[in-house]
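What you see below is based on every heavy atom in this structure, not just the backbone, and it leaves out hydrogens, waters and symmetry mates. The model shown is predicted, which means the values in this text are computed figures rather than measured ones.
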Amino acid sequence: MATIKVYKTNVNDKIKARILIDAINRQYSKSVVSIDLEDCDKVLRVENSIFEVDEDGVKKIVQSFGYIAEDLV
């Protein structure tokens, strides 16, 4: 089952965003991950066409880098 999850973050640096995306990709290798730094909510998008996205796991990775990740509806 394909899932897409989006989160509001406070990531504001291109290099740090790339590092965070790489970390999420290492943990969830079949996911497509992006952060829109141009959006006012700095939207983190995680899409997986094979598995359900682990929302808590993604949030923990983001928090481990010192950032916030809040669900966007």
Please say yes or no: joined through hydrophobic side-chain contacts below 4.5 Å, possibly via intermediate residues, are [X] and [Y] part of one cluster?
X	Y	answer
Val6	Val32	no
Ile68	Leu20	no
Leu37	Phe65	yes

Just so I know, are the side chains of [X] and [Y] near enough to count as touching, which here means a heavy-atom distance under 4.5 Å?
X	Y	value
Ile15	Arg18	no
Val53	Ile4	no
Val43	Leu72	yes
Asp36	Arg45	no
Leu44	Ile24	yes

Requested in this report: Keeping the roles fixed (side chain from Lys5, backbone from Val46), state whether a donor-acceptor pair exists under 3.5 Å.
Outcome: no
Query raised in the report: Judged by atom type as modelled, is there a donor-acceptor pair below 3.5 Å linking the side chain of Asn10 to the main-chain atoms of Tyr67?
Result: no
Requested in this report: Can you measure from CG (Asp13) to CD1 (Ile19) and round to the nearest 0.5 angstrom?
Outcome: 8.0 Å
**Report entry** Rounded distance [0.5 Å steps], CD in Gln27 versus NZ in Lys60
**Finding:** 11.0 Å
Between [X] and [Y], which heavy-atom pair has the shortest distance, and what is it?
X	Y	value
Ser31	Asn25	O-OD1, 3.3 Å
Thr9	Lys42	OG1-O, 2.6 Å
Glu52	Thr3	OE1-CG2, 3.0 Å

Query raised in the report: Salt-bridged, Asp22 to Arg26, with N to O below 4.0 Å?
Result: no
**Report entry** Lys8/Asp71 ion pair, N-O < 4.0 Å
**Finding:** no
Report task. Taking atom types as modelled, find out whether Asn48 and Tyr28 have a side-chain donor-acceptor pair closer than 3.5 angstrom. Result -> no
Requested in this report: Kindly determine whether Val62 and Tyr7 satisfy side chain to side chain contact (heavy atoms under 4.5 Å, CB included), including the steps that lead there.
Outcome: CA-CA 10 Å; Val62 173; Tyr7 307 89; over 6 Å; no
